[in-house]
Amino acid sequence: MSGKRKKIVAFLCNWCTYTAADLAGTSRLKYEPDIRILRVMCSSRVDPVFILKALMDGADGVLVGGCELGDCHYQRGNYYARRKVAVAKKIAADMGLDPERIRLSWISASDGPRFAEVVNEFTREIEEKGDTPVKHEAYV
Amino acid sequence: MERIYEIQMGIEELARRALETGTVGGVAALLEVPETNKIAFTLVRAPEDVKGLAPFSPWMLENAARSISQMTREAAFTQPVAVILRPCELRALRELVKLKQVNMTNLILISFDCPGVFPIGSRLNGNGDLPAAYEKAVLEGTNCPGIRQVCSACEEFVPRGADMVISLVGRSPTDTLRAAFPTEAGQKFAEALGLLAEGREVEAGEERDRLAGIRADEHNALSARIQGSLKDLDGLVSVFDRCISCHACRYVCPVCYCKDCFFESPAFSYYPHSLHKRLEQSAAGLRLPLDRLLFHLGRLTHMGASCVACGMCEDVCVAGIPVSQIFKTVGGDIQQMFDYLPGGSPDDPLPLLTYREDELKEMED
Amino acid sequence: MIREIPRVGVYVCHCGANIAAKVDVEEVARFASKLDFVESARDYKFMCSDPGQQLVVDDIREKGLNRIVVASCSPRMHEKTFRKACQKAGLNPYYFQMACIREHDAWVTEDPGEATDKAKELVQGAVSRVLHHESLVPRTVDINPNVLVIGGGIAGMQAALTIADAGKTVYLVEREPCIGGNMAKFDKTFPTLDCAACILTPKMVAVGQHENIELLTYSEVVDVEGFVGNFKATVRKKPRYVDMDKCTGCGVCNEKCPAKAISEFDQGLSKRKAIYSPFPQAVPNTPVIDRDMCIYFKKGKCRACEKFCEADAIDFDQQEEKITLDVGAIIVATGFKPFDPSVAERYGYGKYPEVYTSLEFERVNNATGPTEGQIRLKDGRVPETMAIIHCVGSRDKNHNAYCSRVCCMYSMKYAHLIREKTGANVYEFYIDIRSPGKGYEEFYNRVQSEGVQFIRGNVAGVTDKAIGEDEKGKLIVLAEDSLSGRFLRVPVDAVVLSVGLEAAEGAEAVARMVGISQDQDGWFNELHPKLAPQATPSDGIFLAGCCQGPKDIPDTVSTANGAAAEALSLIMREKVEVEAAVSSIDAERCMGCRQCETICMFDAIEYDSALNVCVVNEAICKGCGLCASTCPNKAIGVRHFGNEQILSEMEGVML
Ligand SMILES: Cc1cc2nc3c(=O)[nH]c(=O)nc-3n(C[C@H](O)[C@H](O)[C@H](O)COP(=O)(O)OP(=O)(O)OC[C@H]3O[C@@H](n4cnc5c(N)ncnc54)[C@H](O)[C@@H]3O)c2cc1C
Ligand code: SF4
Ligand code: SF4
Ligand code: SF4
Ligand code: FES
């Protein structure tokens, strides 16, 4: 909408990071508004294709959030998720996209402040990078 | 040290004998009849049909793992079948076993150290005569000028896991055979045909090592070239802008085993309203079809870890995109990250089906 | 794929001022009304209120809406509320989507303009997504009414009795030769000091005789398959070499057996025979032959027990047996093991014979124990002074950081018993006294008044290196009195180490089998520490007693009854509804590659070899979606979190 804002898509697992985002809200923590949160049940639901598609559709950044390792509601989902994100990042890096536009964070349900911090940090990094070239190259 | 036997027969003779003695019920290999311009991967059942067997032909019509998959996916062969495959086909085959698309029961795997092949176009437009330069390169253990880029950069040209490994590099494709039988099944096969008794043990030549050295250098050069061409979005767009989205690359890819490709499913259709919205918002218009690049990126997420760099995708690409060189490079990086060799050890799980607790710290923040 | 023409209703909630103060809700509604397929869009003060919900209901009925989006708080808050409203109006509840513009927007965004923009995009995402929703119907499956209880300590026994009394069949599996667990080893129990045997024996007998309890001792669960309501457990029955049906429990075999072994039950303080019952009142009272110690098994000769057994119950040919049990719910009650103090060398355990663990001391105090209940030193003398050291292995960063909860209380129980039985001086070295519980503080006061000396301070070690004359031949406890700041050397005749509790041996294997997790200390995780303390994230699996963390007997029994109640409430339902948002496989697309089967963390996927496709067991699937992101051609998808749904939401929020 407002041109200066970046588009950051976040896939957050229901049990931890999404809950942390809720908590950041109930605690009235303020953070940058560029992020758009999508709920998935587990970080392992995030298909590397989603990440790459987001980038190709013009997202300036993609955040994947899950429970701390060992705390996944489904036991081990986030370990698999980490490999999936690694694949997306590697492909991005090798294919001329910027892998640093993809971020994987483990944020526990009780850590609202950490969520706000990660969002701010990531938004700042993306702002420093500027608009994704995809936007100007025409959506590809 | 592997034991190599010099066997006084050619490949046709070997196949004939295997069929005649009933050791196998069939032989599957590339068959070529230059006079009538026929060439196809063929399952031969009668001894008299082995004429024209050309597994060492410097052309690849398909990655034969696809055909073996088709034949064995639903039901295994009921009698032994010898299949003669290039190392990349063998690796694809072994990868497909992990993906449950190949049933290895009753397969006798014959392979050879592969000198590389020419782009398929040169065969389809020309005749099947073996170029003299090729013969010379095989003899000396060098890359023949004109073979495919991925072949000339292929370091996995010595087969793994074959029951019979024929030594080609350092020899002429028309010579009698030299072979090793590294597995138990291979030993049995050789015994049944009397190959060990007739054969004479010989030393391996140094040509293989020479070729390995050349290949390693070429591989580095290829990676650097590809990385250079894909260093940014501009590079990505320039490389793939010619893609006509025919998806032929995925149709010939041995490890793209799906009957319905995800990237052809409705999940990737953009609804008219969203298309229009996009157009309104886009500064520079829309590059169509919208998912042309995404297809390649997405396909990499599916099979990058399993790409055997057989070169088929590039061979069939009408747009002349160096697909295979790209997939070899990116796939190789993914494989390296997970310390995985597609078609390598059957005990290594597919990289995305497993994990280690203490890995990939650099991927998290 | 969109299968019918969607008619979307969008409702933007003010949430009083919570949202409206930041987000221009009218503007968002106006924006929404222009989106494709949106039939009506409005804003309202409190969407979750009855009139708010009624708005949705009425619009569905009157305007023929078939998709609903509510932009308000987090779906974790009110998704169920609005789904119900949809259902009330006859719309499948899964045709609903929520946009979180409160927690994720109004409350966290500084600038009203930006908050409004963000709200619009979130609404747009929700609208795009809801277009792709599918109607889902939760399925029901039958529940097997039997219950399996793993572990026959007081927790397992109590749970089994409660369920059996309700008329349901219980299988109680205990790996030791008899039930009773740790409590059976105690002499008295705090704070009431009733004799453990007096309260436990009747319970053990009740369990042994209950017509609805099938007791499987000397047995272990080795495999659990299935899902809530329909578990299949495989139990391995170890051979006892004594026929339970014939044995009368007369004990003559035990008398005649010439082979001796160390008594585990007496914590190594006495000997038992190769054929033995752990203790006289054991239930069942059929002995077992310890194969490793039996002379016949070792040398091929002896069979003394067989000779003397009048019931002809000895059976050297008995084999291990595997049986399978069909149950609807499982209660895990595997208890604890005491901390092993030999790893903390400073206490001198294993080095000085007069250093005892608490469990050893329970046996010393017990009338059926090695000293027949008399407190005696190894040389037979009556001790004149004794020390009890609290928190051994607990509240200690080098071992277990947690408090074991019962040690303070049982330590004071010992102080009382020592004073009562020997008149010896007792020193209690403690960090803090933790005595919360009915009658616990009173017990503390009582023990204090009995002349027990409480010394607050960390014990640095136990040594026999005497300095003064008065220390000769004694053990000296070295400690800092943290109240006075003085360093103390206290000479005593014997030391009791109040060791903490740790998760039982083999807890990991049990966790893996039934699909539950352990916390960093090895205790089983409950579904919610406060609100669902007996349930686990695995439906149909419940926890009782110390396996979830240290507890005293009253709490153990309460949790056992809690678990029993939950199990009963489940099996009495007869049918269970299983989550609709689970994965499903399109057999037309499936290539039978079985990657999903390999990767599923719950074994919810099976391979159908006849059709060469995989099939999801919807009752087991938890809907995590790992399989869906793994299957390349997307033959497998998760309902309600399908690719099209997620990707359209993504498109929506980005446009
Ligand atoms: C020294 C000491 C003194 C105590 N004194 C008191 C006291 O005076 N008063 C009081 O209120 N509390 C006291 N407690 C606490 C009390 O012991 C516990 O509250 C109680 O024993 C917990 O019972 P449980 O059934 O949960 O565990 P346990 O008693 O440990 O029983 C668990 C049972 O499960 C079995 N089991 C374990 N794993 C398996 C498996 N895989 N398969 C089959 N069976 C298995 C075990 O063999 C055991 O029989 C004391 C604790 C200690 C250590
Ligand atoms: S790209 Fe993926 S979905 Fe398509 S055929 Fe290849 S593996 Fe299957
Ligand atoms: S991607 Fe290309 S090179 Fe790689 S295995 Fe498939 S066809 Fe061969
Ligand atoms: S969604 Fe998760 S639990 Fe369900 S079948 Fe797939 S992997 Fe298993
Ligand atoms: S549920 Fe949070 S990462 Fe799996």
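Because only heavy atoms are used, hydrogens play no part in the values below, and waters and symmetry mates are left out as well, while side chains stay in. Throughout, a chain's letter reflects where its sequence line sits, starting with A, and its residues are numbered from 1.
Per-residue heavy-atom pair counts under 4.5 Å with chain B were compared for A/G70, A/P48, A/A93, A/A86, and the maximum is reached by A/A86. Ranked by heavy-atom pairs under 4.5 Å with chain A, the list B/T354, B/I226, B/L353 is led by B/T354. For the set B/K231, B/M337, B/E359, the count of heavy-atom pairs under 4.5 angstrom toward chain A peaks at B/E359. Heavy-atom pairs under 4.5 Å with chain B peak, among A/V64, A/L104, A/V85, at A/L104. Note: A/K89 leads A/K89, A/E121, A/K84 in heavy-atom pairs under 4.5 Å with chain B. Note on B/V239, B/D234, B/L230: by heavy-atom pairs under 4.5 Å with chain A, the leading option is B/L230. When the candidates B/D365, B/D232, B/T301 are compared by the number of heavy-atom contacts under 4.5 Å with chain A, B/D365 comes out ahead.
Closest non-hydrogen pair, B/L352 versus A/Y80, comes out as O-CD2, 4.0 Å. Taking both residues in full, the closest heavy atoms of A/K90 and B/I334 are given as CG-CG1, 3.9 Å, listed atom of the first, atom of the second, then distance. The two residues B/F240 and A/M95 make their nearest non-hydrogen contact at CE1-CE, 3.6 Å.
For the pair B/R356 and A/Y79, the minimum side-chain heavy-atom distance is 4.5 Å or more. Considering only heavy atoms from C-beta on, A/T132 stays 4.5 Å or farther from B/L233 through its side chain.
Both the backbone and the side chain of A/I91 have a heavy atom closer than 4.5 Å to some heavy atom of chain B. Both the backbone and the side chain of A/L52 come within contact range of chain B, judged by heavy atoms closer than 4.5 Å.
Put simply, CD1 on A/I51 and CG on B/L297 are 12.0 Å apart, with the number rounded to the nearest 0.5 Å. Once rounded to the nearest 0.5 Å, the distance linking CD of B/E357 with CG of A/L69 reads 8.5 Å. Note that the OH atom of B/Y355 and the CZ atom of A/R76 stand 4.5 Å from one another [nearest 0.5 Å]. Expressed to the nearest 0.5 Å, how far CZ of B/F327 lies from CG of A/D94 amounts to 11.5 Å.
In this structure, the side chain of A/R103 does not engage the main chain of B/E364 through any donor-acceptor pair within 3.5 Å. Between the side chain of A/R83 and the main chain of B/F338, no donor-acceptor pair closer than 3.5 Å is present.
Environment of CG in B/D339: sparse, with no more than 12 heavy atoms of neighbouring residues, nucleotides or ligands closer than 6.0 Å. Heavy-atom neighbours of A/E125 CD from other residues, nucleotides or ligands within 6.0 Å: above the threshold of 12. Within 6.0 Å of CD in A/E100 there are 12 or fewer heavy atoms belonging to other residues, nucleotides or ligands.
Note on B/R278 versus A/D57: salt bridge recorded, some NZ/NE/NH1/NH2 to OD/OE distance being below 4.0 Å.
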Margin query: Could you walk me through whether B/L236 and A/M56 satisfy the side-chain contact (heavy atoms from CB on, under 4.5 Å) test, starting with their C-alpha distance in whole Å, then the side-chain angles of each, then the deciding distance to 0.1 Å, before giving a yes or no?
Written below: CA-CA 11 Å; B/L236 175 67; A/M56 295 313 270; 4.1 Å; yes
